[in-house]
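One structure is given here, and the rest of the page talks about it.
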Number of protein chains: 2
Amino acid sequence: MESARKAPRGTRKRDTPLTEEGIYAAALRLIDADGVKALTMRKLAAELDANPMSLYHHVPNKDALLKGVARLAGSEFRTAERNDLPWQENVRQLALDFRSLAHRHPNLVTHVFTRPDFIQPDDPFWRGLTGALGAAGVPEREIPRVSAVLCAVFSGLLVAELNGALRRWMSLSPMPTGPDEAEPPAAAEADVDAMFGIALDATIAGLESQLADTRRR
Amino acid sequence: MESARKAPRGTRKRDTPLTEEGIYAAALRLIDADGVKALTMRKLAAELDANPMSLYHHVPNKDALLKGVARLAGSEFRTAERNDLPWQENVRQLALDFRSLAHRHPNLVTHVFTRPDFIQPDDPFWRGLTGALGAAGVPEREIPRVSAVLCAVFSGLLVAELNGALRRWMSLSPMPTGPDEAEPPAAAEADVDAMFGIALDATIAGLESQLADTRRR
DNA sequence: ACCTGAACACCGTTCAAGT
DNA sequence: ACCTGAACACCGTTCAAGT
């Protein structure tokens, strides 16, 4: 009854020295598997065949550990800016690339979104977004504001998708149902994909209309 | 160096019996003051002049406690649906009323947004939102989808505001700055208010344009 | 029915001691 | 420089015992 879980390596000691990056990578694996709440310094050390206290020679504390893991996962973000496409396509592609990263690390991303420092000015996502808005003709001094709102909107959509709220809300009845009405069908994955696409379209449309208003004035 | 904090009542015992609602209310006070992470069963018991174990006779565990606190705070939500106003005004007012609740309990709301169950079908917010969309002419079967997207968008904006990300992003330079450029000024509270309003306008505008598209087809 | 003390199985982190 | 064992000050929760 008490074996077989991550058993293959038994209790041997490490043969390679601990490194900061190796610690972050192992922590990311554990978070992907079991969530941020289940990550403890002690379990992480066990995953690395190390003494729990050894970690503190490479990482000052657990909060810094989580920050490092977030940076590591963030470095996976890849996107291709294409000058031959309209800015709308570039914004759309950024959001979709962000979403695919979020799908690879849902537990981490949900946690990271609640932290104030999860997007940095040198992130490719931020650079891509501000670049696309510049191409769209948003006045230079308005770009940070508009980018900020878009970041907030995308992250809200992603969090709601990742934690299942979006799926649940989709399945709610429009009005409080009497007991005799049929349950609405549960939303399928394809529905969530479609809804994300629709929300993205609407966001870009809203942006276009704001832009048109500004130009007209 | 170690006194005076919540000292007035000393270590006397309770004179009124513990109740589930009283426990939630005390937990909400502690969360408002110090955040969700700092709330422990033991500190909560101390706040109530009770033995830590007594709490378990009214609340099954800490997760249920947080759920109860979320329900209590949610019950503070108030809004006035007005049939004499256009649906856009009703949606705007719902979002602003939601925001004012979030401002009263920022620590709790930030935490609750990451949970999948934070909006229930009988919440006045959900009923108001679906009602307004019905008045807007959104087809009955599309209402849950559209409401879900709006919930996700509003919550994203609120989380980004509450944890300070919105303010930070606003202050970022549009392009990576050289070392000689001046720091952009930090965003003030009025800026955040204004940006929330703009984002809300843009969201409603996006909704209107989606609606117009649907009608035209 | 409601409360309580002791205890269990955990946490993050400090620190002195080892190599 | 890097690692380690023991220890400290906490956690959430169980359980048997009290009233």
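When reading the values below, keep in mind they use all heavy atoms of this one structure, side chains included, and skip hydrogens, waters and symmetry mates. Note on naming: letters A, B, ... go to the chains in the order of the sequence lines (proteins, then strands), and numbering restarts at 1 for each one.
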Between CE of Met53(A) and P of dG18(C) the distance, given in whole Å, is 18 Å
Give the intermediate values and the outcome of side-chain contact (heavy atoms from CB on, under 4.5 Å) for residues Phe113(B) and Val159(A). CA-CA 8 Å; Phe113(B) 276 148; Val159(A) 168; 5.6 Å; no
For Met41(B) and dC10(C), give me the distance from atom CE to atom C1', rounded to whole Å. 16 Å
Earlier contact from the 5' end, DNA chain C, for His57(B) and Tyr56(A): His57(B)
Complementary nucleotide for dG5(C) - Watson-Crick or wobble, under 3.5 Å: dC15(D)
Go nucleotide by nucleotide along DNA chain C from the 5' end; which of Leu18(B) and Arg42(B) gets its closest nucleotide reached first? Leu18(B)
Where the side chain of Arg99(A) meets the backbone of Phe154(A), is there a donor-acceptor pair that is under 3.5 Å apart? no
Would a distance-only check, ignoring hydrogens and angles, find a side-chain to backbone donor-acceptor pair under 3.5 Å from His105(B) to Ala73(B)? no
Atom CG of Asp63(A) and atom C1' of dG12(C) are separated, to the nearest Å, by 12 Å
How far apart are the closest heavy atoms of Leu157(B) and Leu166(B), and which atoms are they? O-CD2, 4.4 Å
Would you mind reading off the distance between Lys62(A) atom NZ and dC10(C) atom P, rounded to a whole angstrom? 15 Å
Value in whole Å for how far the P atom of dC3(C) lies from CD of Glu20(B): 13 Å
Would you tell me if any nitrogen or oxygen in the side chain of Ser54(A) comes within less than 4.0 Å of OP1 or OP2 on dC2(D)? no
Quickly work out the Asn51(A) CG to dC2(D) C1' distance and round it to whole Å. 12 Å
Across all strands, who's sitting opposite dC10(C) as a Watson-Crick or G-U wobble pair, both distances under 3.5 Å? none
What is the distance from NZ of Lys37(A) to P of dC11(D), rounded to the nearest Å? 15 Å
Indicate whether OP1 or OP2 belonging to dG12(D) is found under 4.0 Å from a side-chain N or O atom of Asn61(B). no
Without decimals, in angstroms, what is the distance between Asp49(A) CG and dC2(D) P? 20 Å
Main-chain N/O of Thr110(B) paired with Thr114(B) side-chain donor or acceptor, under 3.5 Å: no
Hey, does the side chain of His58(A) come within less than 4.0 Å of dA1(D)'s phosphate (OP1/OP2), counting only N and O? no
